[in-house]
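Working notes, structure below.
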Amino acid sequence: MEAYDHQKIEPTWRELWEKNHVFGSPKLAGKKKKYILDMYPYPSGEGLHVGHPLGYIGSDIVARYYRMNGYDVLHPMGWDAFGLPAENFAIKKGVHPKETTDKATARFKQQLYNIGLSYDWEREINSSKPDYYRWTQWFFLLMYDKKLSYLKKAPVNWCPHCQTVLANEQVIQGKCERCDTPVEQKELQQWFSNITSYAERLLSDLDKIDWPDRTKAGQRNWIGKSTGARITFSLKDSDQTIEVYTTRPDTLGGATYLVLAPEHPLLSGETMSIPNQKEVNEYINQAKMKSDLERSELQKEKSGVFTGLFAVNPLNGKHIPVWTADYVLISYGTGSIMGVPAHDQRDFDFAKKYGLEVIPVIKPSGLWYIGYVAKKWSNDYQEFLTSLENINAEFIKKDDESVLFKFDPKHIDAFIDFSKKNIKTGSWHDVMGDDYVVIFDDGSVHKVERFVEDSDVWGREHDLEPGVREFSGLWDMLMHSDYVETICFADEGSMFNSEQFDGLSSSEGREKVIAWLEEQNIGHKETQYKLRDWLISRQRYWGPPIPIIYCTKCVGDGRHEVVNKNGQEVAVIPVPESDLPVLLPEDVNFKPTGQSPLVDSESFREVTCPQCGASGEGVFRESDTLDTFVDSCWYFFRFADPHNENEFASKEKIESWLPVDIYVGGAEHTVLHLMYARYITKVLFDYGYISFDEPFTALRHQGLILGPDGRKMSKRWGNVINPDEVVENLGADTLRMYEMFMGPFTNVLGWNTDGINGVRRFIERIWKVFHEGEKITDQTTPKTLESLHKTIKKVGADIETFSFNTAISSMMEFMNTLEEKNETISKSDAQSFIKILSVFAPHISEEIWFGLHGWQKTGEALIDRTVQLSDWPPYDAEIAKGSDVTIVVQVNGKVRATLQLERKDNGWDKSDVESLARQEPSVSRYFDGVEVKQVIYVPDKLLNFVI
RNA sequence: GCCGGAGUGGCGGAACUGGCAGACGCGUUGGUCUCAAAAACCAAUGGUUGAAUAAACCGUGAGAGUUCGAGUCUCUCCUCCGGCACCA
């Protein structure tokens with residue numbers, strides 16, 4: 001008896017598979033294809049921990065499954081090898097990024113190889129190699145040619161630590177995604193790509209792809225579509241106007257002031273004079289000093305200054321003040337807003353702070369009244385609370401001293417009634433709704449419409465309570481009471497205080513107001529997106545150089561775009577395609593200076609203008625590099641044709657393999673990579689390069705593996721599990737199976753050393769049964785046969801839905817059955833089981849497979865013999881159903897018995913089952929002296945007596 | 001605040017279109033083997049009452065509802081995780 005020795009089995013098979021190119025991916029005419037792709041990794045110097053391969057193992061199983069099911073499968077792997085960590089390491093240690101990257105790549109590859117992943121390594125790609133980034137540069141030129149990439153001076157995100165600009169998507173909560181340094185805003189000339197022109201399609205096409213909900217939601221949220229109106233406000237005593245964007249034109253009547261972002265051009269004073277220019281300038285400078293983070297972190301406390309200007313509310317002609325405040329962002333909409341404090345929380349906070357007018361124009365359709373009553377105003381506070389409960393009041397805030405509540409207006413009379421009885425002398429109760437209703441201690445009831453001053457009410461309140469005397473009026477008092485919490489109503493309702501639009505619902509009103517604005521020629525419907533253009537240039541070294549040459553001599557030729565660069569006029573000359581790649585020079589100083597290190601490379605700087613042939617002074621290259629997300633936005637095309645020297649990939653090969661059928665990777669790429677890749681795909685589609693416009697038909701995210709201590713694996717905690725060690729000690733098959741068995745593929749799970757031993761035990765049992773042949777005879781016993789067919793069915797279905805954990809548990813169930821006394825299996829049925837096992841545990845399966853066939857372990861005829869390329873076994877649906885049925889017998893929905901019956905072709909009759917059930921003592925004992933009202937029967941499943 | 005996702009034994013988790021809740025594995029307990037231990041194997045394992053492998057009741061975050069029957073459907077609420085967030 002030969003013990004299971006993974007160290008003896010696994011490396012040998014891996015070598016044989018690789019040598020014989022078992023996992024090659026020819027595309028044969030007429031055969032179905034599956035392109036199953038992992039997000040290609042950044043090869044970090046740290047190497048892999050066991051969490052990294054989780055996704056790779058899952059996709060590998062799926063790839064193997066489809067391969068065995070007769071598909072041509074493309075399952076490649078490559079390296080996202082450009083990027084900041086290697087460069088930062090170079091700065092710190094002086095080792096060239098190329099060197100560290102190549103080393104890390106080799107290590108990664110070895111680690112992945114050791115897990116027995118079925119990649120076609122002949123298609124390996126590396127984004128830092130010239131034969132790859134040549135095409136990254138080509139994509140840039142394509143976008144430039146189609147006016148999709150452009151140079152623009154704009155406020156951009158700048159990371160002071162990394163000394164480079166960042167895309168919006170790389171700023172996480174105001175901080176650099178790499179180093180966590182707060183990001184600054186700088187006005188810089190940068191290369192952008194016009195992804196915003198694809199916003200609508202990027203949004204609507206989400207409907208046609210099979211992606212996780214949260215990922216789609218993340219993209220929708222990032223694109224941030226909103227519909228509303230652009231409204232032009234004219235300024236008092238001036239012919240200038242201010243345009244605002246709003247999603248709530250129905251609240252126009254409530255606009256009591258305007259706010260401009262501090263960066264708004266009007267504030268410079270160049271186009272018109274600003275009365276309070278001095279204060280405004282001070283404020284602008286102050287705002288400039290703040291980082292984005294500071295501006296948003298201080299959001300509780302709003303700030304701003306009055307410009308001295310007044311605008312005219314077009315709906316009611318009121319003169320309203322114009323302010324500037326940094327809660328308004330220049331980058332969204334028109335950079336200015338109308339302040340509607342009654343119906344927007346932010347505007348309300350601002351108005352409250354600066355004492356601006358609040359005019360409500362939307363009421364909540366008479367759905368409720370809001371009231372506030374303090375204990376000190378009531379005779380019996382407890383009784384008052386009980387009365388409130390009797391009218392079904394909903395408590396917003398309730399404690400021993402006071403209560404804030406709301407209730408249905410139909411109870412207003414009841415409220416007035418019990419309030420009258422419960423008011424302390426010298427006090428009053430009040431509620432706010434359609435009206436402001438006040439009930440005084442003498443029983444008089446006052447109703448105030450629209451919160452306007454009412455001398456009766458105000459006078460009485462003033463007389464009754466000393467505290468009231470501090471306030472200048474009714475509104476002032478409301479604003480300083482607990483009502484403030486409820487005065488601002490941001491939902492939809494019906495319009496009032498809005499001239500001809502009174503009585504309309506918000507949704508109707510929106511349309512009508514927009515129509516009216518259009519008639520007056522002072523506004524129109526508008527759609528806005530949060531998505532910004534993609535900033536693609538970086539002032540760093542380790543990336544593909546941007547293939548652009550600037551030439552002063554070509555400025556006048558009228559054929560090239562002219563820009564101002566470093567204070568001089570230059571023509572923008574794209575590097576001709578035949579001159580690609582623009583090689584990344586190696587003789588550079590990596591120190592980040594805020595300029596690309598390429599500036600200092602002599603070999604890089606010296607260039608001849610491809611247009612006019614000039615060189616020397618006045619002709620120079622763009623020294624910025626492309627962001628690594630440009631590398632990764634197209635790499636999945638390259639796998640179809642990785643060695644093509646004439647195109648990024650041939651059209652024919654793209655069409656035969658793409659789009660990617662199943663894409664597997666981390667959820668952290670919700671917006672960055674996945675959005676850019678979709679964008680590039682749409683560009684290629686639009687310009688006729690490809691015939692599809694979504695790159696990834698289906699997307700799945702793998703979960704996270706935490707350390708045994710439940711913390712994220714990290715050197716810092718000393719809880720990193722290295723896959724190399726697991727492979728060494730327990731074997732790649734055990735590692736693969738355990739990672740798939742740990743739990744659902746997408747879950748966050750802790751590594752458990754006991755758990756992996758359980759899987760190892762399972763594998764050893766398989767070895768004992770199949771390799772030692774303990775249970776193999778020439779007959780499969782019926783029970784085992786049924787279990788086998790069930791298992792084949794379930795494993796196949798589970799793989800397709802990424803339910804690997806349940807696939808493995810059904811294989812365990814099968815083994816449990818087979819290992820029961822007297823159960824045996826035939827050789828060919830054993831082979832079927834080994835086939836399905838092989839996608840999870842390829843090495844041991846191959847060993848057993850060869851053993852069952854009596855073949856020698858050699859490369860001879862391996863392609864024809866290997867279990868890896870065998871056919872997925874079919875299952876017999878009839879056998880899988882089983883020979884017996886179990887019918888549950890319930891009395892009033894409670895299980896009282898089960899009937900084990902032989903399966904009948906057309907199922908059991910209700911009457912037969914019922915009479916059998918009635919014979920069961922555990923059922924019939926419930927029938928004494930009661931009448932069975934109803935009997936419910938679900939064929940072959942359940943019988944329920946209702947008594 | 002908004003948008004997603006999820007709450008099931010001691011733990012990871014099963015449960016198809018509503019139909020035996022807790023599959024499978026870990027852990028735990030008992031046993032076999034052993035001088036002993038480990039490993040391996042066998043058995044038990046949601047909770048309460050109970051001598052019980054009798055029986056009953058309770059059990060899928062909380063509360064209501066629909067239904068003969070709810071982990072699954074509907075409503076309200078709570079908690080946790082993830083993403084976005086002054087986007088007008």
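In what follows, chains are A, B, ... by sequence order, proteins preceding strands, each numbered from 1.
Ranking B:C24, B:A88, B:C86 by closeness to the A:Phe741 side chain, first place goes to B:C24. Comparing atom distances between the A:Lys941 side chain and each of B:A88, B:G19, B:A23 picks out B:G19 as nearest. For A:Arg761, the side-chain atoms get nearest to B:A40 when compared with the rest of B:C58, B:A88, B:A40. Candidate nucleotides B:C68, B:A23, B:C26 were compared by shortest atom distance to the side chain of A:Glu813, and B:A23 ranks first. Considering only the side chain of A:Lys530, B:C84 comes nearest among B:A88, B:C84, B:G13.
For A:Lys894, no side-chain nitrogen or oxygen approaches OP1 or OP2 of B:A55 to under 4.0 Å. OP1 or OP2 of B:A56 has at least one side-chain nitrogen or oxygen of A:Arg925 nearer than 4.0 Å. Between B:A40 and A:Tyr4, no contact under 4.0 Å exists linking OP1 or OP2 to a side-chain N or O. Here A:Arg896 reaches the OP1 or OP2 of B:A56: one of its side-chain N or O atoms lies under 4.0 Å away. At B:A39, none of the side-chain N or O atoms of A:Asn757 fall inside 4.0 Å of OP1 or OP2 (strictly under the cut-off). Distances shorter than 4.0 Å separate some side-chain N or O of A:Tyr332 from OP1 or OP2 on B:A88.
Remark on RNA chain B: of its neighbouring residues A:Ile337 and A:Val171, the 5'-side contact belongs to A:Val171, judged by nearest-heavy-atom nucleotide.
Remark: side-chain polar atoms of A:Tyr283 are paired, donor with acceptor, to backbone N or O of A:Ser303 under 3.5 angstrom. Side chain of A:Asn892 to main chain of A:Ile947: a donor-acceptor pair is present (N/O by atom type, distance under 3.5 Å, no hydrogens or angles).
Here B:C86 presents its P atom at 15 Å from CD of A:Gln345, a figure rounded to the nearest Å.
Side-chain contact check for A:Glu823 and A:Thr784: at least one donor-acceptor pair (N or O, by modelled atom type) lies under 3.5 Å.
Using a 30° and 60° split on the angle between ring planes, A:Phe840 and A:Phe804 fall in the perpendicular class, above 60°.
Looking at A:Glu813 and A:Lys790, no side-chain N of the basic residue comes within less than 4.0 Å of a carboxylate O on the acidic one, giving no salt bridge. A salt bridge does not link A:Glu878 with A:Arg903: every distance from a Lys NZ or Arg NE/NH1/NH2 to an Asp or Glu carboxylate oxygen is 4.0 Å or more.
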Pick out the pairs of N or O atoms, protein on one side and nucleotides 3-6 of chain B on the other, that lie under 3.5 Å.
{"from": "B:G4", "atom 1": "O2'", "to": "A:Arg214", "atom 2": "N", "distance (Å)": "3.3"}
{"from": "B:G5", "atom 1": "OP1", "to": "A:Asp213", "atom 2": "OD2", "distance (Å)": "3.1"}

